[in-house]
Amino acid sequence: MKIVLASQSPRRRELLGKMGLEFTTKSPEIDEEAIHGLPARELVKTLSREKALHIAQGEDPDTIVIGSDTVVVLDGEILGKPATPRQAEEMLTALSGRSHEVCTGVTVCQGEKVVSQVEVTQVTFRSLTPEEVRRYVQTGEPMDKAGAYGIQGYGALLVEGIQGDYSSVVGLPVCRLGRILLDFGVDCLALAGKDAP
């Protein structure tokens with residue numbers, strides 16, 4: 001069975017690979033700005049669906065396509081990727097010592113069948129000094145991350161705790177995706193068991 005990940009994110013590729021699946025990746029060319037203005041949960045659900053459907057248009061109907069999208073939400077406001085180091089510092093300062101939500105939408109489609117769901121995880125930052133914020137921004141890591149941090153990298157030094165799915169904060173809700181794939185006839189554990197010695 002052919003599986004395509006509608007993303008070039010190295011983090012999503014790594015997570016999907018750890019599920020034991022063989023897949024290819026394609027980058028969806030969609031206008032994300034045109035979809036903004038929706039509440040966070042609806043936004044990530046819609047974007048993940050649009051990404052998956054965009055790639056599915058050029059695939060065989062039997063191909064399974066997976067799309068995903070992640071946003072960080074603080075006090076109801078969506079924090080996207082920072083455009084400048086200064087904006088990254090502002091986001092991190094706002095997150096300092098507080099809890100926020102990370103919403104990740106995931107869509108699986110095959111032919112006419114489309115399933116979209118949302119995973120929400122609460123992340124708590126420890127209190128950060130201005131110097132710590134500056135040093136983290138200097139690593140360059142915040143610049144391509146929603147909310148200006150990567151929990152799988154140096155950003156782990158800022159996170160005091162999480163409540164929910166860690167992999168969803170990285171960018172792909174592995175547990176939820178595994179359950180959705182079962183409905184498409186893909187059992188990741190069964191596939192993993194076939195390769196066991």
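This structure is a prediction, so every number in the text was calculated from the model and none was measured. Numbering of residues begins at 1 and proceeds along the displayed sequence.
- Side-chain contact check for L21 versus V186: some heavy-atom pair is nearer than 4.5 Å.
- Contact check for T121 versus E101: no side-chain heavy atoms found under the 4.5 Å cut-off.
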**Prompt:** What's the verdict on side-chain contact (heavy atoms from CB on, under 4.5 Å) for R49 and V114, showing C-alpha distance, side-chain angles and the deciding distance?
**Reply:** CA-CA 8 Å; R49 184 183 180 96; V114 182; 3.4 Å; yes
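- The neighbour count for Y154 OH, taken as heavy atoms of other residues, nucleotides or ligands under 6.0 Å away, does not exceed 12.
- Side-chain atoms of F23 and L16, non-hydrogen and from C-beta on, do get closer than 4.5 Å to each other.
- Put simply, the side chain of R126 reaches to within 4.5 Å of the side chain of L128, judged on heavy atoms.
- Remark: K2 does not engage D62 in a salt bridge, criterion side-chain N to carboxylate O under 4.0 Å.
- Between R12 and S68 the shortest side-chain heavy-atom distance falls below 4.5 Å.
- Checked against the 6.0 Å centroid threshold, F125 and Y149 count as a close aromatic pair.
- At a threshold of 4.0 Å, the pair E131-R134 counts as salt-bridged, since one of the basic side-chain nitrogens sits closer than that to a carboxylate oxygen.
- Counting heavy atoms from C-beta on, the side chains of K113 and D183 come closer than 4.5 Å.
- Shown here is E22, whose CD atom has no more than 12 heavy atoms of other residues, nucleotides or ligands within 6.0 Å.
- For Q163, the CD atom counts as loosely surrounded, since its 6.0 Å shell holds 12 or fewer non-hydrogen atoms of other residues, nucleotides or ligands.
- Using a cut-off of 4.0 Å between Lys/Arg side-chain N and Asp/Glu carboxylate O, E119 and K45 are scored as not salt-bridged.
- Salt bridge absent: E160 and R98 never bring a charged side-chain N and a carboxylate O closer than 4.0 Å.
- Two residues are said to be in side-chain contact when any heavy atoms from C-beta on lie closer than 4.5 Å; L53 and C109 meet this criterion.
- The pair R86-E89 counts as a salt bridge, with a side-chain nitrogen and a carboxylate oxygen less than 4.0 angstrom apart.
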**Message:** Set out, in order, the CA-CA distance, both residues' side-chain angles and the distance that settles side-chain contact (heavy atoms from CB on, under 4.5 Å) for V123 and S99, then state yes or no.
**Reply:** CA-CA 5 Å; V123 180; S99 294; over 6 Å; no
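- With contacts defined as side-chain heavy-atom distances shorter than 4.5 Å, the pair I180/R176 qualifies.
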